[in-house]
Amino acid sequence: MLEKTAAEVRFDLNAKFRDPFTTAKGETRASVRLLKLETLWINTGTICNLTCRNCYIESSPTNNRLVYITNEEVCAYLEEIERGELRTREIAFTGGEPFINTEFVAIITSCLEAGFDVLVLTNAMRPMMKVADKLLELQSLYGEQLTLRVSTDHYSTELHEEERGDNTWKPMLKGLKWLSDHGFNITVAGRTCWNEDEASMRAGYKVLFAQENIRINADDPHSLVLFPEMSEGAEVPEITTACWDILNVSPKSMMCSSQRMIVKRKGAERPTVVPCTLLPYDEQFDLGHELLHSDKTVQLNHPHCAKFCVLGGGSCTG
């Protein structure tokens with residue numbers, strides 16, 4: 001076999017994440033199979049009231065690559081879960097900002113009425129507060145069945161607004177305090193991109209929560225979820241089948257072993273199933289329109305698979 005030149009080696013290394021089954025070095029790419037659909041994520045649409053600096057899905061007031069999903073479409077998936085006896089426990093929602101979708105209150109009501117736990121990812125700003133009375137009604141009816149996770153990128157005003165933009169701290173904090181004061185089941189999501197260790201991060205949030213009388217235990221990793229940063233341009237290694245043992249990580253701990261997400265792309269007649277919340281646009285990860293046929297093995301052929309899930313230990317359910 002002829003030895004490769006340095007230029008050819010550099011080309012191969014730049015060819016990462018191209019082949020679903022083989023890495024740039026010719027090794028077998030790691031994959032994950034669905035064991036049980038515990039959580040079904042639903043993207044409500046990519047329209048958001050903010051344009052955050054590092055939003056992995058590029059949500060903004062003008063991004064409608066994923067359009068609003070309807071209550072009718074969501075209910076069809078709830079019926080499929082029941083029909084297929086999928087034993088799904090939780091329906092979780094992300095966006096964009098979910099509360100901008102005008103059918104969103106009806107959607108979460110349908111899920112709660114059907115007996116599912118519901119998780120909503122929100123920035124807790126004006127779109128949420130516009131439906132405050134309706135949320136209080138749901139809280140009185142379903143209590144702990146409904147959880148809202150508020151994006152609070154850092155415990156300081158300055159760094160939160162570095163990510164989210166000017167004048168975003170006070171409205172977020174007002175919404176978070178309102179949820180806490182009214183007894184909602186709440187969690188917070190922060191980021192780990194600030195060159196602080198986890199202990200320092202949690203200590204900072206603990207001070208914030210105490211000062212504002214917010215009922216969240218900053219030491220609990222389920223109550224305060226700290227996510228690794230994601231960037232498709234970042235240099236990350238490809239994950240091979242050997243990595244599971246090398247890293248002491250199990251495929252069972254990956255999101256795509258227990259979760260799926262529904263997205264509705266602009267111009268599409270029907271929503272589509274994808275493996276997780278991180279890959280809404282890449283069509284190589286499309287799993288069809290039906291949950292019952294979405295149990296295909298997922299090849300970890302994307303930088304997010306490596307950076308967020310395998311190396312970062314991230315899971316959107318916390």
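Because only heavy atoms are used, hydrogens play no part in the values below, and waters and symmetry mates are left out as well, while side chains stay in. Each residue takes its place number in the sequence, starting with 1.
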Could you tell me if Glu27 and Thr240 have a donor-acceptor pair between their side chains, going purely by distance under 3.5 Å? no

Identify the heavy atoms of Thr44 and Asn101 that sit nearest to each other, and give their distance. O-ND2, 3.1 Å

Could you tabulate the donor-acceptor pairs under 3.5 Å formed by side-chain atoms of residues 111-123, not counting sequence neighbours?
{"unit_1": "Thr122", "atom_1": "OG1", "unit_2": "Glu97", "atom_2": "OE1", "d": "3.2"}
{"unit_1": "Thr122", "atom_1": "OG1", "unit_2": "Glu97", "atom_2": "OE2", "d": "2.9"}
{"unit_1": "Thr122", "atom_1": "OG1", "unit_2": "Ala124", "atom_2": "N", "d": "2.9"}
{"unit_1": "Asn123", "atom_1": "OD1", "unit_2": "Met125", "atom_2": "N", "d": "3.1"}
{"unit_1": "Asn123", "atom_1": "ND2", "unit_2": "Asn49", "atom_2": "OD1", "d": "2.9"}
{"unit_1": "Asn123", "atom_1": "ND2", "unit_2": "Glu97", "atom_2": "OE1", "d": "3.3"}

Can you list the residues that meet the side chain to side chain contact (heavy atoms under 4.5 Å, CB included) rule with Ser156, with sequence neighbours excluded? His154, Glu158, Leu159

For the hydrophobic clusters of this structure (ILVMFWY residues joined by side-chain heavy atoms under 4.5 Å, transitively), does one cluster hold both Leu291 and Leu35? no

If you round to the nearest 0.5 Å, how far is CG of Leu224 from CG of Asn217? 9.0 Å

Worked check of side chain to side chain contact (heavy atoms under 4.5 Å, CB included) between Val273 and Met261: CA-CA 6 Å; Val273 184; Met261 184 166 81; over 6 Å; no

Candidates Thr297, Leu300, Ile239, Val310 - the one meeting side-chain contact (heavy atoms from CB on, under 4.5 Å) with Val32: Leu300

Please name the pair of heavy atoms, one in Gly96 and one in Ile57, separated by the smallest distance, quoted to 0.1 Å. N-CG2, 4.4 Å

In the hydrophobic clustering (ILVMFWY, side-chain contacts below 4.5 Å, transitive), which residues join Ile100, or is it alone? Ile47, Tyr68

Could you check whether atom CZ of Arg215 has more than 12 heavy atoms from other residues, nucleotides or ligands sitting under 6.0 Å from it? yes

Looking at Tyr281, I'd like to know if the NZ or CZ of Arg65 sits under 6.0 Å from its six-membered ring centre while staying within 45 degrees of the ring's axis. yes

Could you tell me if the side chain of Leu34 sits less than 4.5 Å from the side chain of Gln259, heavy atoms only? no

Determine all donor-acceptor pairs shorter than 3.5 Å in which one atom belongs to a side chain in residues 132-140; sequence neighbours excluded.
{"unit_1": "Gln139", "atom_1": "NE2", "unit_2": "Gly183", "atom_2": "O", "d": "2.9"}
{"unit_1": "Ser140", "atom_1": "OG", "unit_2": "Glu137", "atom_2": "O", "d": "2.7"}

CE/Met255 to SG/Cys309 distance, rounded to the nearest 0.5 angstrom? 3.5 Å

Find out whether Cys48 and Ser60 are in side-chain contact, i.e. whether some heavy atom of one side chain is under 4.5 Å from a heavy atom of the other. no

Pro221 to Arg202 - nearest heavy-atom pair and separation: CA-NH2, 3.6 Å

For Asp219, salt bridge (charged side-chain N to carboxylate O under 4.0 Å, His left out) partners two or more places apart: Lys206

Listed partners of His160 passing ring-ring contact (aromatic ring centres under 6.0 Å, His included), at least two apart: Trp169

Leu173 reachable from Met201 in the ILVMFWY side-chain graph, under 4.5 Å edges: yes

Could you tell me whether the side chain of Asp282 reaches within less than 4.5 Å of the side chain of His302, counting heavy atoms only? yes

Output for pair (Phe209 CZ, Ile214 CD1), nearest 0.5 Å, gives 6.0 Å

Restricting to salt bridge (charged side-chain N to carboxylate O under 4.0 Å, His left out), what partner residues turn up for Glu72, sequence neighbours left out? none

Any side-chain donor paired with an acceptor under 3.5 Å for Glu82 and Tyr77? no

Using the ring-ring contact (aromatic ring centres under 6.0 Å, His included) criterion, which residues pair with Phe104? Sequence neighbours excluded. Phe93, Phe99

Test side chain to side chain contact (heavy atoms under 4.5 Å, CB included) on Val274 and Trp41 and set out the steps. CA-CA 9 Å; Val274 296; Trp41 285 89; over 6 Å; no

Side chain to side chain contact (heavy atoms under 4.5 Å, CB included) between Thr187 and Val150, worked out: CA-CA 6 Å; Thr187 62; Val150 178; over 6 Å; no

For side-chain hydrogen bond (donor to acceptor under 3.5 Å, both in side chains), just list the numbers for Asp220 and Ser223, CA-CA rounded to whole Å, side-chain angles, deciding distance to a tenth of an Å, and then say yes or no. CA-CA 5 Å; Asp220 179 4; Ser223 298; 2.9 Å; yes

Are any side-chain N or O atoms of Arg29 and backbone N or O atoms of Gln299, one a donor and one an acceptor, separated by less than 3.5 Å? no

Could you pull out the closest heavy-atom pair between Phe17 and Pro237, with the gap in Å? CZ-O, 3.8 Å

Approximate separation, where rounding is to 0.5 Å, of Asn248 CG and Asp245 CG: 8.0 Å

In one Ile/Leu/Val/Met/Phe/Trp/Tyr side-chain cluster, 4.5 Å: Tyr56, Phe308: yes

Using the test side chain to side chain contact (heavy atoms under 4.5 Å, CB included), find all partners of Cys52 that sit at least two apart in sequence or belong to another chain. Leu50, Cys55, Glu163, Arg164

Can you list the residues that meet the salt bridge (charged side-chain N to carboxylate O under 4.0 Å, His left out) rule with Glu38, with sequence neighbours excluded? none

Verify the cluster assignment for Leu86 and Leu287: are they in a single hydrophobic cluster under the rule of side-chain heavy atoms below 4.5 Å apart? yes

Interatomic spacing from CE in Met254 to SG in Cys305 - rounded to 0.5 Å: 9.5 Å

Would you mind reporting whether Arg126 and Met129 have side-chain heavy atoms less than 4.5 Å apart? no

Transitive ILVMFWY side-chain link Ile262 to Phe285, under 4.5 Å: no

Going by heavy atoms in the side chains, are Ile42 and Val74 under 4.5 Å from each other? yes

I need the full list of side chain to side chain donor-acceptor pair (under 3.5 Å) pairs touching residues 172-181, with sequence neighbours left out, sorted by first then second residue. Trp178-His182

Would Thr28 and Thr23 count as a side chain to side chain contact (heavy atoms under 4.5 Å, CB included) if you check the C-alpha gap in whole Å, the side-chain angles of each, and the deciding distance to 0.1 Å? CA-CA 6 Å; Thr28 302; Thr23 70; over 6 Å; no

Can a side-chain donor-acceptor contact be found between Asn301 and Gln284 if the only test is distance below 3.5 angstrom? yes

Please find the pair of heavy atoms, one from Ala30 and one from Trp244, that lie closest to each other, and give the distance. CB-CZ2, 3.7 Å

Which pairs with one or both residues in residues 260-275 pass side chain to side chain donor-acceptor pair (under 3.5 Å), sequence neighbours excluded? Glu73-Lys264, Arg265-Asp286

Show your reasoning for whether side-chain hydrogen bond (donor to acceptor under 3.5 Å, both in side chains) applies to Thr147 and Asn185. CA-CA 5 Å; Thr147 299; Asn185 195 27; 2.7 Å; yes

Shortest non-hydrogen contact from Ser250 toward Ser253: O-OG, 2.7 Å

OG1 on Thr192 to CG on Asp197, rounded to 0.5 Å: 11.5 Å

